Number of protein chains: 2
Amino acid sequence: MTTPTSDRAPLDRNAIVAGGIAFADERGTDALSMRKLAAGLGYEVMSLYNHVASKAEVLTLMVDAVAGEIPDTDSAAEPLVAVRTLAVDTRAALVRHPWAASLWLRQLPGPARVRHMENHLAALAATDLSPRVAHLAFHAVNNHVIGYTLQEQAMAYVTLSDGDAGALARSFMEGLSEEDSPHTITHVRQHLDGDTASSFELVLDLILDGLTRLDRAL
Amino acid sequence: MTTPTSDRAPLDRNAIVAGGIAFADERGTDALSMRKLAAGLGYEVMSLYNHVASKAEVLTLMVDAVAGEIPDTDSAAEPLVAVRTLAVDTRAALVRHPWAASLWLRQLPGPARVRHMENHLAALAATDLSPRVAHLAFHAVNNHVIGYTLQEQAMAYVTLSDGDAGALARSFMEGLSEEDSPHTITHVRQHLDGDTASSFELVLDLILDGLTRLDRAL
DNA sequence: ACCTGAACACCGTTCAAGT
DNA sequence: ACCTGAACACCGTTCAAGT
């Protein structure tokens, strides 16, 4: 029979990263501290430093783990469809982990994100877009995925109703005057009415079409 | 005659925000602390709290001040040209203050940013785009401006040569294998060769054209 | 090899005391 | 009205000591 000396899981890089992701999913990266992370895993803070160099490294590993959740492109698929699918899947991962989008571009890519880039760039190279336009396409698509997700999260924040954030959001809304900011009020109302649901894919297709057209024009 | 009791400027909201911007322009928002900010202005930390509720408020005010630097749209201009000009000017402000892009979408808009939104939305409303497409346009253009700038800054980070960041960047580059990541290597090389200089406006026009086309299709 | 107590140099923020 | 000393409850990180 085994003797369970403690109920805590063994500590290693993976456990730390998984703990960080679980914490951030629930309470955000702003609230994440090495001390709370360690406590959540059943260890003292200093133990973390046996496996990880710094908090910055933990964050980098966390973002890379999110990248690792994104399925590889299907090499049998039509290349532009593969790009489109990758964009949709990337967005899904960023929605699952709402803290990840704002970190995505601030961290150096780890292995999983390099693999993600490689997937994206290889699919673009397999289209008949010129190398120059394929390069633009990479960024245009990425910026849309990240920008759209960030914007959506900001909007979700405005619609919060309870807590400090809710109070801030309410005071923002009440500060808008119909006289000075009619268009802004209308715009926010369009969000609240939720009539812009599937615009992520609409704009994505707009960009993909535009790139094809640009390629023919250059 | 006056008796100069000290060489420090009087403390108020504006001085705090200006000090924060100057500090962040030089050393980034990560390094910004209330204590260093106060010291830079010649006061003790606690004095700041006579004028400002929290560090979060300082950051919100800083972003809003950046928005305030962006010129209003010219109501005499052709509406779609006004949108384009606003996008270019917004990007210029974000380039002048490299810390601002990643904060832009994380803060609730202050008065200057509401004015900026109003400018943008009013110009779009004056085009002959349908309300639905104008709504999409607002986000598509904003996401491009912010995403492009963030991406460019991440790239600038990779090309740093000295300090800790430089060492990290070098180890990232050396970690890329020609075998596993040929496309990624090519992509990074395209950046380093700088042959993608004016692609910001190229993609911006692609989006604006795409929106006009989408409007006709819907 | 991995865990940890103690310590260091920082944080943001509050409050009571000064002028 | 505005400035500030002292204090509180936190941070990330290092290092030497334990097993």
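Worth saying up front: this structure is predicted, and the values here are computed from it rather than measured. Sequence lines set the chain letters: A, B, ... in the order given, protein chains first and strands last, and positions in each chain run from 1.
Straight-line distance from the CG atom of Asp12(B) to the P atom of dA1(D): 16 Å, rounded to whole Å. Residue Arg8(B) contributes atom CZ, which lies 7 Å from atom C1' of dC3(D) at whole-angstrom precision. Atoms CG (Leu48(A)) and C1' (dC15(D)) sit 16 Å apart, rounded to a whole Å. When the P atom of dC10(C) is taken as reference, atom CG of Asp30(B) falls 17 Å away, rounded to whole Å. In this structure, the CZ atom of Arg35(B) is 15 Å from the P atom of dC11(D), given to the nearest Å. With rounding to whole Å, Asn50(A) atom CG is found 15 Å from dA16(D) atom P. One atom, CG of Leu37(A), and another, P of dC11(D), lie 11 Å apart when rounded to the nearest Å. Regarding Leu32(B), its CG atom lies at a distance of 16 Å from the P atom of dC10(C), rounded to whole Å.
Comparing dT14(C), dT4(C), dA7(D) by their closest approach to the side chain of Tyr49(B) singles out dT14(C). Checked against dT4(C), dT4(D), dT13(D), the side chain of Glu44(A) finds its nearest nucleotide in dT4(C). Proximity note for Met46(B) (side chain, C-beta onward) versus dT4(D), dC3(D), dT4(C): the nearest is dT4(D).
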> Would you write out the dot-bracket form of DNA chain D, 5' to 3', with Watson-Crick and G-U pairs under 3.5 Å, [ ] for crossing pairs, | for pairs to other strands and . for unpaired bases?
Replying inline: ||.|||||...|||||.||
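Contact annotation: His51(B) side-chain N/O to dA1(D) OP1/OP2 distance is not under 4.0 Å. Between Lys36(B) and dC11(C), a side-chain N or O to OP1/OP2 separation shorter than 4.0 Å is present. In this model, the phosphate group of dC2(D) is not approached by any side-chain N or O of Ser47(B) to a distance below 4.0 Å at OP1 or OP2.
Taking the six-membered ring for Trp and thresholds of 30 and 60 degrees, His135(B) and His187(A) have nearly parallel ring planes, at less than 30 degrees apart.
Val83(A) places a side-chain heavy atom less than 4.5 Å from the side chain of Leu124(A).
In terms of position along DNA chain C, the nucleotide closest to Tyr43(A) lies nearer the 5' end than the nucleotide closest to the other residue of the pair Tyr43(A) and Lys55(B).
Here Met34(A) lies in heavy-atom contact (under 4.0 Å) with sugar-phosphate atoms only. Counting non-hydrogen atoms under 4.0 angstrom, Ser33(B) reaches the backbone sugars and phosphates but no base.
Screening Ile70(B), Ile146(B), Leu86(B), Thr149(B) against Arg91(B) for a side-chain contact (heavy atoms from CB on, under 4.5 Å) leaves a single residue, Thr149(B).
Taking the six-membered ring where the residue is Trp, the centroids of His139(B) and His144(A) are separated by 6.0 Å or more. Residues His116(A) and Trp104(A) place their aromatic rings such that the two centres sit under 6.0 Å apart.
Looking at Asp25(B) and His97(B), their side chains do bring a donor and an acceptor atom within 3.5 Å of each other.
Glu201(A) and Arg84(A) are joined by a salt bridge, as a carboxylate oxygen and a charged side-chain nitrogen come within less than 4.0 angstrom of each other.
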